[in-house]
Amino acid sequence: MKNMKVYEPQDKMIMLIQDNYSVLQALGSFGINLGFGDKTVAETCQMNGVDTYTFLAVVNFTINGFTYPDDDGLLSVPTLLHYLKASHRYYLDFQLPFIRRELEESIDDNDQLGRLIMKFYDEYAKEIQQHMKYEEKTLFPYVQSLIDGHPIPDYNVEMFSKHHEQTDKKLRELKLMIIKYLPGDAHLNNKLTATLYDIYNNEEWLRQHAEVEDHIFTPAIRHLERQLSQRGVAKKISTMVFKGGQDSGETLSDRERDVIVSLVQGMQNKEIADHLCISVNTVITHRRNIARKLQIHSPAGLTIYAIVNGLVDISSVKL
C-alpha cells in the first residue's frame with residue numbers, strides 16, 4: 001500500500017526510508033550515501049551535493065504520484081541528469097545480469113522450454129540496452145549541451161518524446177511464460193519464485209523510471225529549452241538596439257526598411273508591392289535579404305525590430 005504522505009525538506013531521511021524502503025535504490029542513483037544518522041532530507045541532500053527540491057520531486061512522485069504544480073523551472077536539470085545516468089548504470093550493469101543469473105540457476109539444463117525462455121530474456125535485455133544507450137548517446141549529451149548553454153542543433157526533447165516508448169512489454173511476457181509454462185521440482189520452484197519476485201519488482205522499477213522521464217525530466221528540459229530560446233531572442237534584440245540592429249555588419253536599405261514597416265502594418269506581398277510601386281518578386285527579394293541580414297524570420301520578430309529601431313511607434317502596432 002502506498003504511503004500518501006508528501007515528504008518535505010525538514011522530515012528525517014531515516015523516516016522516509018522506514019516508510020518507503022523502495023527509496024533506497026533511488027538514493028544511490030542520486031549519489032546519496034548511507035550513514036546519514038538523524039539528519040533531515042535537506043541536510044542529507046546538502047551533505048551529498050544533491051538538490052533537495054529535485055530529490056523530493058522524484059521521491060514524492062514515485063511514492064504516491066504527487067507532482068508540484070508549475071515546478072518545471074525549479075527542478076535542477078543537472079541533478080535529474082545524474083539520477084537518470086546512474087539509474088541506467090544500475091539497471092544495465094547490475095540488475096539485468098543479476099536476474100539472468102537467477103533465471104539460469106532456476107532452469108533445468110535439459111529443459112528445452114527453459115532454454116527458449118533464456119533466449120527470450122536475452123532478447124528483452126538487448127531491447128532495454130538499445131533503448132537506454134539511445135538516451136545515453138543522443139538525449140543525455142543534448143541535455144548537457146543545454147546545461148552548458150550551447151545546445152546541440154537539430155535536436156529537441158520532442159524527438160526524444162516520440163522515440164520514448166514503454167520498454168517493459170517483453171518483461172511482462174517473460175513473467176507470464178514462467179508462471180504458465182515452466183515446470184520444475186520443488187527446489188527449482190523456490191528459485192523460480194524468488195526470480196519472479198525480482199522480475200515483478202523490476203517491472204515496477206521500469207514503469208517508474210519511464211514515468212519520471214515523461215513527467216519530470218522531459219518537462220524540465222522543455223523549460224530549459226524555452227529559457228535558452230528566450231535568452232537568444234533577448235540577445236538579438238539587445239544587439240539590434242545597441243548596434244543599430246545589425247548582427248552581420250550589413251545595413252538595411254531604405255526600401256528594405258519600407259518593406260519592414262509595411263509588414264508590421266499587416267500588409268501582404270501584393271499590398272506591399274502596390275503600396276511601394278514595385279513588383280511582387282522585388283518584395284520577395286527584399287524580404288529574403290531582410291531575413292538574411294537580421295536573422296529574423298517571424299512577423300513578431302520584425303515588429304520588435306521595427307519598434308526598438310524607431311521605424312514604427314509602439315502605439316501604432318496592434319499587439
Side-chain angles (χ1 to χ4, degrees), residues 1-5 7 13-30 32-34 58-66 83-133 135 164-215:
M1 182 175 179
K2 287 186 175 181
N3 189 328
M4 299 309 292
K5 173 179 170 58
Y7 294 92
M13 181 67 87
I14 187 63
M15 181 185 73
L16 192 157
I17 302 300
Q18 288 174 335
D19 291 347
N20 310 275
Y21 66 86
S22 61
V23 173
L24 280 169
Q25 185 174 316
L27 293 182
S29 294
F30 276 108
I32 294 177
N33 299 319
L34 300 178
V58 172
V59 166
N60 282 318
F61 177 74
T62 54
I63 289 174
N64 52 43
F66 177 81
Y83 167 79
L84 291 175
K85 284 182 175 180
S87 295
H88 281 199
R89 295 276 58 83
Y90 168 82
Y91 201 77
L92 294 177
D93 298 344
F94 173 74
Q95 201 60 25
L96 279 177
F98 175 77
I99 292 180
R100 192 187 193 285
R101 287 195 301 272
E102 279 192 309
L103 193 57
E104 196 171 26
E105 292 172 0
S106 306
I107 294 174
D108 189 326
D109 292 338
N110 299 318
D111 188 343
Q112 181 71 18
L113 180 58
R115 288 198 294 272
L116 288 174
I117 287 179
M118 287 299 303
K119 182 179 179 182
F120 187 91
Y121 177 82
D122 289 339
E123 291 174 356
Y124 153 75
K126 183 177 180 181
E127 182 179 299
I128 293 292
Q129 289 165 351
Q130 288 174 340
H131 171 79
M132 290 187 172
K133 288 191 180 301
E135 295 182 4
H164 191 212
E165 301 173 349
Q166 293 291 338
T167 55
D168 57 355
K169 182 178 178 181
K170 273 192 169 64
L171 192 61
R172 290 197 298 269
E173 293 178 5
L174 173 67
K175 175 186 63 181
L176 292 176
M177 284 193 295
I178 292 173
I179 294 172
K180 289 183 177 181
Y181 306 119
L182 195 59
D185 56 29
H187 176 66
L188 291 179
N189 188 70
N190 288 337
K191 287 188 174 182
L192 273 176
T193 301
T195 303
L196 274 171
Y197 185 80
D198 285 337
I199 289 174
Y200 270 98
N201 281 338
N202 278 275
E203 186 177 24
E204 175 65 11
W205 183 92
L206 277 175
R207 182 190 66 78
Q208 289 184 351
H209 178 78
E211 289 187 350
V212 167
E213 288 185 325
D214 289 341
H215 299 290

Applying side-chain contact (heavy atoms from CB on, under 4.5 Å) to K5 and M15, what does each step give before you reach the verdict? CA-CA 11 Å; K5 173 179 170 58; M15 181 185 73; 3.7 Å; yes

Does the salt bridge (Lys or Arg N to Asp or Glu O under 4.0 Å) test come out yes or no for E203 and R207, once each step is laid out? CA-CA 6 Å; E203 186 177 24; R207 182 190 66 78; over 6 Å; no

Please determine whether side-chain contact (heavy atoms from CB on, under 4.5 Å) holds for the pair I199 and I178, giving the CA-CA distance in whole Å, both sets of side-chain angles, and the decisive distance to 0.1 Å. CA-CA 11 Å; I199 289 174; I178 292 173; 4.0 Å; yes

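From L206, atom CG reaches atom CG of N201 across 11.5 Å, with rounding to the nearest 0.5 Å. The line from NE2 of H209 to CG of L84 is 5.5 Å long, rounded to the nearest 0.5 Å. Distance check, rounded to the nearest 0.5 Å: CD of Q95 to CG of N202 gives 4.0 Å. Taking CG from L103 and CG from L192, the interatomic distance works out to 7.0 Å, rounded to the nearest 0.5 Å. Atoms CD1 and OH, on I128 and Y91 in that order, are 5.5 Å from each other to the nearest 0.5 Å. Rounded to the nearest 0.5 Å, atoms OG1 (T193) and CG (L188) are 10.5 Å apart.
The backbone N or O of T195 lies less than 3.5 Å from no partner atom in the side chain of E102, so there is not a single donor-acceptor pair.
Across all their heavy atoms, S29 and A86 have their closest contact at O-CB, 3.3 Å. Among all heavy-atom pairs drawn from Y7 and I63, the shortest one is CE1-CD1, 4.0 Å. Shortest non-hydrogen contact noted between Q129 and L92 is CG-CD2, 3.6 Å.
Under the 3.5 Å distance criterion, with hydrogens and angles disregarded, a donor-acceptor pair is assigned to the side chains of E135 and H131.
A salt bridge does not link K126 to E123: none of the charged side-chain nitrogens sits closer than 4.0 Å to a carboxylate oxygen. The pair E105-R101 does not count as a salt bridge, with every side-chain nitrogen at least 4.0 angstrom from each carboxylate oxygen.
Between F94 and F98, the ring-plane angle classifies as parallel under the 30° and 60° cut-offs. Using cut-offs of 30° and 60° on the angle between ring planes, the pair W205 and Y90 is tilted.
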Tell me which donor-acceptor pairs under 3.5 Å the side chains of residues 112-121 have, and how far apart each pair is, sequence neighbours excluded?
residue	atom	partner	partner atom	Å
Q112	OE1	R115	NH2	2.4
R115	NH1	D109	O	2.6
Y121	OH	L96	O	2.6

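Screening I17, T62, V58 against V23 for a side-chain contact (heavy atoms from CB on, under 4.5 Å) leaves a single residue, I17.
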